[in-house]
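Throughout, protein chains are lettered first and strands after them, A, B, ... in sequence-line order, and every chain is numbered starting at 1.
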Number of protein chains: 2
Amino acid sequence: MNLQQLRFICAVVRQNFNASAAADSLYTSQPGVSKQIQLLEDEINVALFVRKGKRITGMTPAGEQIFTFAQRIVGDIENIRKVGQEFSQGDCGEFVIATTHTQARYSLPRAIKTFTERYPGVQLRLRQGNPTQIAEMLAAGEADVAIATESLNSYAGLVALPCYQWNRAVITPTGHPLLQSQPLTMEAVAAYPIVTYDQAFAGRSLIDKTFADHGLSPNIVLSAIDSDVIKAYVELGLGIGIVAKMAYDPARDIRLEVIDASHLFEPSIAYLALRQGTYLRGYLYTFIELYAPHLDRSTVDKALDSTGASRALLPLPFSS
Amino acid sequence: MNLQQLRFICAVVRQNFNASAAADSLYTSQPGVSKQIQLLEDEINVALFVRKGKRITGMTPAGEQIFTFAQRIVGDIENIRKVGQEFSQGDCGEFVIATTHTQARYSLPRAIKTFTERYPGVQLRLRQGNPTQIAEMLAAGEADVAIATESLNSYAGLVALPCYQWNRAVITPTGHPLLQSQPLTMEAVAAYPIVTYDQAFAGRSLIDKTFADHGLSPNIVLSAIDSDVIKAYVELGLGIGIVAKMAYDPARDIRLEVIDASHLFEPSIAYLALRQGTYLRGYLYTFIELYAPHLDRSTVDKALDSTGASRALLPLPFSS
DNA sequence: ACGATTTACGACAATCGTAACGATC
DNA sequence: GATCGTTACGATTGTCGTAAATCGT
């Protein structure tokens with residue numbers, strides 16, 4: 001048995017039981033992958049994969065059990081590498097944040113600016129995607145942290161930490177009639193065509209739910225994945241926008257006006273997610289605390305090696 | 001990086017930083033061990049061991065961190081092997097119980113008899129030792145379970161499950177004057193020379209504490225590690241014995257008489273310990289349930305992957 | 001001076017990639 | 001017929017053990 005064999009198993013599973021794709025993802029030849037897997041199966045005397053003729057279609061029960069261990073092993077190998085870097089290179093390395101446009105554009109810049117100043121040696125990379133992609137990147141080890149509002153807690157093996165609450169605002173072109181209706185009501189909002197986030201983004205599901213709870217069927221004329229696109233179309237007069245309040249910048253958005261909608265929609269919580277059982281480089285703790293000051297090192301550590309049950313025990317983040 | 005290197009690290013640590021002993025324990029040459037460790041140190045760019053000249057004396061901080069991961073990896077490798085055996089060989093394999101004489105002689109036989117009948121293919125081995133040795137055997141992977149009354153919970157990485165309560169009895173030669181003093185008191189017991197368990201065995205510490213709490217200084221003329229030796233010396237008239245009640249067998253011990261001492265000493269609890277994070281063969285669950293019926297599979301699983309905090313949540317065992 | 005670790009070197013084994021083959025959809 | 005997995009084989013690499021050198025107690 002050797003590490004390569006375990007890596008191959010994990011890759012084949014991750015690539016939906018496609019050995020060729022697994023070989024590509026590990027920059028090696030496909031026959032090598034097949035052979036090593038067979039060698040391992042011979043050694044432990046159990047078939048790991050279900051084969052239909054020559055095609056791999058799934059896992060045996062034994063394979064599933066072994067896969068969980070193999071996963072943890074390759075994760076630990078990665079951890080060992082990180083410890084090595086931490087002690088040899090100190091504050092150098094690569095740091096990949098998987099996040100959504102909204103977070104990247106509006107909530108992260110301040111923390112990232114301070115971070116890059118403090119750690120000039122750390123190569124910072126932002127990878128954008130929808131919440132599902134983000135969770136997959138994190139789970140696959142392609143990112144060190146994931147930051148988003150939704151669907152980070154559904155993935156097994158990930159731990160989501162609440163970072164901050166945020167509220168929504170309605171944006172309109174200047175001089176829009178909605179600006180007169182104070183206080184703002186759901187009914188008033190629903191009377192106009194709406195531009196807002198795409199499904200599965202930035203709490204869109206909560207927006208839908210709130211309208212539904214009021215018995216309203218809003219006319220969503222356009223949905224987009226990022227606030228800037230939404231703002232652009234609102235400026236064009238396509239409709240009013242519902243966006244994260246933090247996305248409105250009075251200095252820049254001179255052709256838009258904003259109406260606070262905190263009282264209409266429940267606040268959403270942005271989460272920062274980590275893989276369970278990963279070794280965190282020192283600068284990662286610093287970054288997390290810069291981004292969400294209540295998440296200090298010991299809090300993160302506690303959440304990280306708990307089996308997820310303690311998520312509810314985490315301190316509630318401040319409201320903003 | 002490869003598995004052998006990680007095995008070597010674990011062995012060197014376990015052998016108190018003696019590379020030669022580590023090599024022996026893994027049936028390989030010592031230069032190979034040194035070389036592989038150096039290669040790994042080069043690869044991750046960090047010294048793992050502190051060397052005084054050419055002698056290995058300890059670990060660096062990085063080494064300690066890496067060691068914990070290496071340990072888990074080699075454990076998981078073992079787990080994978082076990083899964084393989086479980087599915088390929090079914091009810092075959094080796095099963096090592098590390099335990100004390102008292103447990104082996106008096107509490108285990110019934111469960112073991114049923115077990116061996118049900119699993120004729122399983123090679124059962126009993127390894128005796130004092131509680132510390134037992135815990136070490138288990139931690140080192142030389143045993144699958146450990147069963148003892150004391151000091152199994154002190155070891156990190158082990159999970160101790162309460163199995164049953166047991167009480168003590170005083171044994172005397174036939175016709176001993178102590179048999180007249182009913183009910184039995186601590187003072188009456190302390191009036192005679194005593195033969196009982198050795199330090200660190202079978203709740204000896206509790207016996208000492210109980211005497212001390214009564215302000216008594218008993219005359220312990222002999223201490224032994226097993227009940228049979230104690231009984232032999234009591235038969236010879238060396239003194240009265242304090243033993244586990246289950247150690248008295250009215251049919252065999254015809255030259256001895258017994259007085260229940262359950263009201264004098266708090267009951268002790270026998271624990272069954274497992275390594276955290278180990279994969280348990282199916283027959284192991286069966287054995288545990290045979291030995292302690294309240295420890296069914298799901299209870300054991302829960303205790304096994306919790307971080308130890310849930311020990312207190314386990315159901316209290318029945319009294320016997 | 002002895003025990004323990006590192007260095008050097010040679011034999012062996014394992015892995016990897018290319019190429020060809022067989023099966024499945 | 002295109003994709004996917006297995007088999008075959010040669011080149012390379014890496015690992016292991018013996019022997020010798022070096023260091024520290």
Counting any heavy atom closer than 4.0 Å, what does A:Phe17 reach on the DNA or RNA strands: base, sugar-phosphate only, or nothing? sugar-phosphate
Using a heavy-atom cut-off of under 4.0 Å over every strand shown, decide if A:Gln30 touches base, sugar-phosphate, or nothing. base
For [N], take OP1 and OP2 only and decide whether either is under 4.0 Å from a side-chain N or O of [X].
X       : N      : result
A:Thr28 : C:dG17 : yes
A:Ser34 : D:dT6  : yes
B:Ser20 : C:dG3  : no
A:Arg51 : D:dT6  : yes
A:Asn2  : C:dA14 : no
A:Gln38 : D:dT7  : yes

Where each residue is assigned the nucleotide of DNA chain C containing its nearest heavy atom, which of A:Gly32 and A:Thr57 is assigned the position nearer the 5′ end? A:Gly32
Hey, which of these two, A:Lys52 or A:Tyr27, hits DNA chain C nearer its 5' end, going by closest nucleotide? A:Tyr27
Please examine the side chains of [Y] and [X], heavy atoms only from C-beta on, and report whether any two atoms are closer than 4.5 Å.
X        : Y        : value
B:Ile134 : B:Thr100 : yes
A:Phe87  : B:Ile44  : no
A:Ile112 : A:Leu126 : yes
A:Leu48  : A:Phe67  : no

Students should find that the end-to-end axis angle of the helix from C:dA1-D:dT25 to C:dA20-D:dT6, with five pairs defining each axis and rounding to 10 degrees, is 40°
Between atom [atom1] in [X] and atom [atom2] in [N], what is the gap in whole Å?
X       : N      : atom1 : atom2 : answer
A:Leu26 : C:dT15 : CG    : P     : 16 Å
A:Glu43 : C:dA14 : CD    : C1'   : 13 Å
B:Phe8  : C:dT5  : CZ    : P     : 14 Å
B:Ile56 : D:dT22 : CD1   : C1'   : 15 Å
B:Asp24 : D:dC16 : CG    : C1'   : 15 Å
B:Gln15 : C:dA4  : CD    : P     : 12 Å
B:Lys35 : C:dT5  : NZ    : P     : 17 Å
B:Gln36 : D:dG17 : CD    : C1'   : 12 Å

Side-chain donor/acceptor contact of B:Lys54 with base of D:dT22 under 3.5 Å: yes
Looking at D:dT3, C:dT15, C:dT6, which one has an atom nearest to any side-chain atom of A:Arg55? D:dT3
For A:Phe287 and A:Tyr119, I'd like to know if the aromatic rings sit close, meaning centre-to-centre distance below 6.0 Å. no
No-hydrogen, no-angle side-chain donor-acceptor test under 3.5 Å, [X] and [Y]:
X        : Y        : answer
A:Asp208 : A:Gln199 : yes
A:Thr132 : A:Glu136 : no
B:Glu94  : B:Gln123 : no

